[in-house]
Amino acid sequence: MLAVSELIFVTTIAATTALIARSFLISPPSSAPCLPDVSSEHLALLFDDGILHHGNTDALKHFAFAPGTHVWDDLRDILIERFPDFPGLPESGAAGSISIRPKDIGDRSEIEMNWRDGLCWVHIYEPVDDDRASGRMTQDAGPSEHCIRTMPHPAWETDEQGRLVWKNDAYNRLVSDIGAAQNDTLFALDPTKQKQRCLLMGSGDENEWFEVETHAVARGGIHHATPVTALVRAEEAQRSFVQTLAKTFAHLPIGLAIFDNRGQLGIFNPALVDLSGLQASFLATHPTMLGFFDALRENRRMPEPKNYRSWRQDITDVIAAASDGQYHETWSLEDGRTYTVQSRQHPDGTTAFLIEDISAEVTLSRSYRAEVEQFEALLDSVDDALVVFSATGVLTFCNAAYRGMWGHAPEASFADMTLHDALKLWAPRVANAAVLSELSHFGTTIGSRPDQSCTLDLVGGRGFAAGYVRFRVMR
């Protein structure tokens, strides 16, 4: 029979052994894994040479295991579908640990294995708010979790190797719409960029653009994708429109200079180079309005000022008028050319100048005016009175003999003189009023009609020198 001291010693050794075994079971020697969620269900099992030696209450109830009766293969058969990497035999030998993730990317569970000699600890962490387990978000999930899950834009997490470890509902919907595999990463990202645009090829003809923003975390990265398809298409349309405008401006004979809201030259066309005589290299430096007009003056493509002292003030006045869209001037250059310059103000603060060479039009107008003046002088030398009415019955020309006969100068009147007004002027001095009726009928008749002539007797018995008046339609 054992002595009391020996009995106490054996009891102490047994209690110490039990405490050490419990410590190894609950707290394995390696550190616990970093979990996706701090609130999780922890299932722990201890195997000794492949035989279940112990387990916590939750694990034994969950798997319906009993120590000493179940082996490693029983656990593997249950977990192999969710965890394809679950080993066929328990690890043994020197101390070590491994982490095993499920095949489903949306499954946030994790297995942590620790072993030493013939003992192998299996810790299974089941997140409480796992959608796979509950099928819905539990009431214990915080507002931030609800916000991330239900946000309309795709969000996902990747590990250090770029593998997908978590995704929200919007990402799942996008995977379903694209028809991609659940474990595939939809976006090919450049790890060196925090923000980048990615093109997602759809199953149909429509492709979608996303702007992906990446935030680095301890074990990988968190990514947020914002749809920017409409923005990308708008930018493409804008670029196409600008290119079309550039091609159109390149063929315009009118010089175009567009200054931005800071007063710097932003856009110009080749015609501006020809009309201004300025080098394209100078215009490409984006000069200010003052520098642009000063260069025009130096290049003698502006009217030369009377004195340079007032030049700066004149240019300031030009810029002020142009900024209000009220500048419209004709420049007569010393080389004989004539430019018309006008400004256009836009709501965003930009100012456009249009410079056009109208030398040919001015020359033609001057030549035409000289011919008209010569023709009028020739008609003034004719002794017969001559008056011309337009198709609408407005007096457009009369010679000196007509003005002397009737004592009337139509050009001195503010209002247009019509045929009706002229007949009223003639009536007091015409003896045969029937002739005036014929003139009125002839002038108001529309269409082609033959030339007519008749005698017009003036009051006092004195008639025309030719004895008649002729009225005809000018063709």
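Atom CD of Gln238 is surrounded by 12 or fewer heavy atoms from other residues, nucleotides or ligands within 6.0 Å. Other residues, nucleotides and ligands contribute at most 12 non-hydrogen atoms within 6.0 Å of the CD atom of Gln374. In this structure, His251 places its NE2 atom where only 12 or fewer heavy-atom neighbours from other residues, nucleotides or ligands lie under 6.0 Å away. For CD of Glu376, the number of neighbouring non-hydrogen atoms (other residues, nucleotides, ligands) closer than 6.0 Å is greater than 12. Within 6.0 Å of atom CD in Glu81, 12 or fewer heavy atoms from other residues, nucleotides or ligands are found, so the atom counts as exposed in its surroundings. Within 6.0 Å of CZ in Arg197 there are more than 12 heavy atoms belonging to other residues, nucleotides or ligands. Within a 6.0 Å sphere centred on NE2 of His328, other residues, nucleotides and ligands contribute more than 12 heavy atoms. More than 12 heavy atoms of other residues, nucleotides or ligands sit less than 6.0 Å from atom CZ of Arg239.
A donor-acceptor pair is defined here as one N or O able to donate and one able to accept, closer than 3.5 Å; no such pair exists between the side chain of Ser367 and the backbone of Thr363. The main-chain N or O of Asp357 is never found under 3.5 Å from a side-chain atom of Arg337 such that the two would form a donor-acceptor pair. A donor-acceptor contact shorter than 3.5 Å is absent between the side chain of Asp416 and the backbone of Leu395. Remark: the backbone N or O of Asp190 is paired with a side-chain donor or acceptor of Gln196 at under 3.5 angstrom.
Defined by atom type and a distance below 3.5 Å, a donor-acceptor pair is present between the side-chain atoms of Glu112 and Ser99. Side-chain contact of Ser109 with Arg82: a donor-acceptor pair under 3.5 Å is present, judged by distance alone. A side-chain donor-acceptor contact under 3.5 Å links Thr351 and Gln345.
Leu174 places a side-chain heavy atom less than 4.5 Å from the side chain of Leu200. Residues Leu265 and Leu283 form a side-chain contact, since some pair of their non-hydrogen atoms from C-beta on lies under 4.5 Å apart. Side-chain contact between Tyr339 and Glu329 is absent, with no heavy atoms from C-beta onward closer than 4.5 Å. Under the 4.5 Å side-chain criterion, counting only non-hydrogen atoms from C-beta, Val341 is in contact with Trp331. A 4.5 Å side-chain heavy-atom check between Phe389 and Thr396 finds every atom pair outside the cut-off. The shortest distance between side-chain heavy atoms of Ile222 and Thr214 does not fall below 4.5 Å. Using a 4.5 Å heavy-atom threshold, the side chains of Asn168 and His153 count as separate. Taking 4.5 Å as the limit, some side-chain heavy atom of Val122 sits within range of a side-chain heavy atom of Ile124.
Contact detail for Glu211 and Val228: the closest heavy-atom pair is N-CG2, 3.7 Å. Nearest heavy atom pair, residue Val212 against residue Leu189, reads CG1-CD2, 3.9 Å. Between Leu275 and Gly255, the closest heavy-atom pair is CD1-N, 3.5 Å. Residues Leu419 and Gly443 come closest through the heavy atom pair CD2-CA, 3.6 Å.
Shown here are the side-chain hydrogen bond (donor to acceptor under 3.5 Å, both in side chains) partners of Arg173, two or more places apart in sequence or in another chain: there are none. Shown here are the ring-ring contact (aromatic ring centres under 6.0 Å, His included) partners of His223, two or more places apart in sequence or in another chain: Trp156.
Glu213 has no carboxylate O lying under 4.0 Å from a charged side-chain N of Lys193, or vice versa, which leaves the two without a salt bridge. A salt bridge links Arg403 to Asp380: at least one charged side-chain nitrogen sits closer than 4.0 Å to a carboxylate oxygen. For the pair Asp421 and Lys424, the salt-bridge criterion is not met [side-chain N within less than 4.0 Å of a carboxylate O]. A salt bridge is absent between Lys167 and Glu157; no separation between the charged side-chain nitrogens and carboxylate oxygens falls under 4.0 Å.
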Kindly indicate, with the supporting measurements, whether the criterion ring pair (Phe, Tyr, Trp, His ring centres under 6.0 Å) is fulfilled by Phe292 and Phe353.
-> CA-CA 11 Å; Phe292 174 74; Phe353 281 93; 7.1 Å; no

Does the pair Asp294 and Arg297 meet the rule for a side chain to side chain contact (heavy atoms under 4.5 Å, CB included), with working shown?
-> CA-CA 5 Å; Asp294 202 11; Arg297 186 195 66 83; 3.6 Å; yes

For side chain to side chain contact (heavy atoms under 4.5 Å, CB included), just list the numbers for Tyr171 and Leu186, CA-CA rounded to whole Å, side-chain angles, deciding distance to a tenth of an Å, and then say yes or no.
-> CA-CA 9 Å; Tyr171 190 99; Leu186 293 179; 3.5 Å; yes

How far apart are the C-alpha atoms of Val273 and Leu278, what are their side-chain angles, what is the distance that settles it, and do they pass the side chain to side chain contact (heavy atoms under 4.5 Å, CB included) test?
-> CA-CA 6 Å; Val273 178; Leu278 302 176; over 6 Å; no

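By the 30° and 60° cut-offs, the orientation of the rings of His42 relative to Tyr125 is parallel.
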